[in-house]
Amino acid sequence: MSTMLDRTEPAHCTVCCCTLANKILMVLFMVLLIFAILFGNLVTLAVVLGTKHFHTPQGYLKASLAVADLAVGIFVVPLSVYAEVYLMVTDSAPEWTSYNSQSVSFHPCNIIGPIFAGCTLVSITTIFLLTIERSIAVLRPLHKDSVITRRRTTILIILSWVGSFFLAVSPMVFSSEIALEYNSCSRMCNYALGTIGKFPSQAWNILLLFPAFDFTLLGGTVVINIISLSSIRQHSKRRKHLAETECQSTSKPTFSDIKAAKTIGTLTVAFTASFTPIAVFVVGNVLGNKWCNFSFFAFWILATNSCWNVIIYSVRDQKFRLRAHKLLMPFQRKHATKT
C-alpha cells in the first residue's frame, strides 16, 4: 500500500521498463489483469446476488470482497495503464507524475491511492470476518444461525468499509508531511514525502498504522483458521470411529460448513502469500533499502490478488462452479454459433 521511496530521486530504470519490449509486456500484463479482475468479480457478484442459495452472511461477505476487488480493476490498474501508455507514445511521462499531491491543485493519486489502500484493507477485514463466520459454523454449529445473521453481517460490512477508508486517508488527514505520488518504481500511486527531506517521527507512526493493522488482522485470521481446520480434522477422525447415528448429530458441523471453512482457509493462504512481499518491502524500507525492482513486483503481486478469489471459489465450491457455468452458457452458445 504505502512506500517510503523518496520522490526526489531520479527516475529508475526498473527491470520491467528498461526496454521497449519490457514496457509492452508490462502494459499487456496490466490490461489482461484489468479484464481478469472485471470478469472474475462480475461473475462472482452475478452468482452471489442472483442465486438464492448464496443469500447468506457468507454470500454477503463474498460480495463485499468482490466489490473491493472490482474497484482495483476499475480505478487503480487503469490509471497505471494510462500513465505507461502515455509514456510509451509520447516518450515523456504525464506531467502530474512529476509532482506529488501537495505540489498541484488536483492530483489523480489523491483519489486512486486511498482507493487502493482502502480496498486492500477492506479485503483483509472481509477475509477476517469470513474466517470468524466459518469458525463459528465449525466450532459452534448450534449457535451459528443465532449469532451470524444477515443484519449483523451487513452492519459489519459497512463498518469495515468505513473504517478501512478512514485508515486509508488518515496519513493525509493527520500529517501535513505525507502526500501521494505516482511512484516510478512501483508504477502505482503510493504514499510519499511531502515538502520535507526525511520522515519525522509523526509521519512514521502514521504510516506504521498500515502494517500494524494488516499484520494484526492477518495474524488473527491465520490463528483462527488453524483452530477451525484442527477442529475439522479432529471431527473427521472421530467420524470414522463413531456410529452412524452419532455421526449425524446436529451438534456436529455440516459437510457444507466444513467445505466452506476449507475454502476460506485457501483464501487466507492466497491473500497472505500476495501480501507477504509488501510486508518484506516495508521492513526493507525501515532498514533503509530502496529495492526499486522488488517494489514493482510486490505491489503488482498484491494487485493480482483481486482476480484470485473467483478461481478459488470455482475450484473449491461446486455449487458456485455450476452456477457460474450456467450463467456463462448463453455466451458460450452464442460464440459457438458464430464460429
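Heavy atoms only: backbone and side chains are in, while hydrogens, waters and symmetry mates are out. Counting begins at 1 with the first residue of the sequence.
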Sub-3.5 Å donor-acceptor pair from the side chain of [X] to the main-chain atoms of [Y], do we have one?
X: S64; Y: Y60; result: no
X: S231; Y: I227; result: no
X: R152; Y: V147; result: yes
X: Y182; Y: R187; result: yes
X: S164; Y: W161; result: no
X: N100; Y: S103; result: yes
X: H107; Y: W96; result: yes

Geometric class of the [Y]/[X] ring pair [parallel <30°, tilted 30-60°, perpendicular >60°]:
X: F54; Y: F320; answer: perpendicular
X: Y86; Y: Y82; answer: tilted
X: W300; Y: F29; answer: perpendicular

Looking at residues at least two apart in the chain, or sitting in another chain, which of them share a side chain to side chain donor-acceptor pair (under 3.5 Å) with R323?
->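 By the side chain to side chain donor-acceptor pair (under 3.5 Å) rule, R323 matches T51.
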Reported [atom1]-to-[atom2] distance for the pair [X] and [Y], which is rounded to 0.5 angstrom:
X: E133; Y: L156; atom1: CD; atom2: CG; value: 11.0 Å
X: F165; Y: C119; atom1: CZ; atom2: SG; value: 4.0 Å
X: L28; Y: E84; atom1: CG; atom2: CD; value: 13.5 Å
X: D214; Y: T272; atom1: CG; atom2: OG1; value: 11.0 Å
X: I136; Y: T131; atom1: CD1; atom2: OG1; value: 11.0 Å
X: N183; Y: C189; atom1: CG; atom2: SG; value: 9.5 Å

Cluster overlap [X] with [Y], hydrophobic side-chain contacts below 4.5 Å:
X: L159; Y: F166; answer: no
X: F213; Y: Y191; answer: yes
X: F299; Y: L25; answer: no
X: Y313; Y: I311; answer: yes
X: M88; Y: M188; answer: yes

Find out whether [X] and [Y] are in side-chain contact, i.e. whether some heavy atom of one side chain is under 4.5 Å from a heavy atom of the other.
X: L302; Y: F116; value: yes
X: L129; Y: T126; value: no
X: F271; Y: T120; value: yes
X: S274; Y: T304; value: no
X: I111; Y: F106; value: yes
X: L70; Y: L45; value: yes
X: S123; Y: L65; value: yes
X: S228; Y: I224; value: yes

Fellow cluster residues of L322, listed by chain then number, with links counted only when side-chain atoms sit under 4.5 Å apart | none
V222: hydrophobic cluster co-members (side-chain, 4.5 Å) =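 Taking Ile, Leu, Val, Met, Phe, Trp and Tyr as members, V222 shares its hydrophobic cluster with I226.
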Between [X] and [Y], what is the shortest heavy-atom contact and its length?
X: G73; Y: L38; value: C-CD2, 4.2 Å
X: S295; Y: S186; value: OG-N, 3.7 Å
X: H55; Y: V48; value: CD2-O, 3.2 Å
X: M30; Y: V81; value: CB-CG2, 3.5 Å
X: F75; Y: I112; value: O-CD1, 3.6 Å
X: S101; Y: N110; value: CB-OD1, 3.1 Å

Let me see the working for I155 and I158 under side chain to side chain contact (heavy atoms under 4.5 Å, CB included), right down to the final yes or no.
-> CA-CA 5 Å; I155 293 173; I158 294 172; 5.8 Å; no
Just wondering, more than 12 heavy atoms not from R321 lying within 6.0 Å of its CZ?
-> yes
T268 side chain to N225 side chain, donor-acceptor N/O pair below 3.5 angstrom =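 On atom types as modelled, these side chains qualify, holding a pair under 3.5 Å.
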Under the side-chain hydrogen bond (donor to acceptor under 3.5 Å, both in side chains) criterion, do T44 and N41 qualify, and how do the steps go?
-> CA-CA 5 Å; T44 299; N41 289 287; 4.8 Å; no
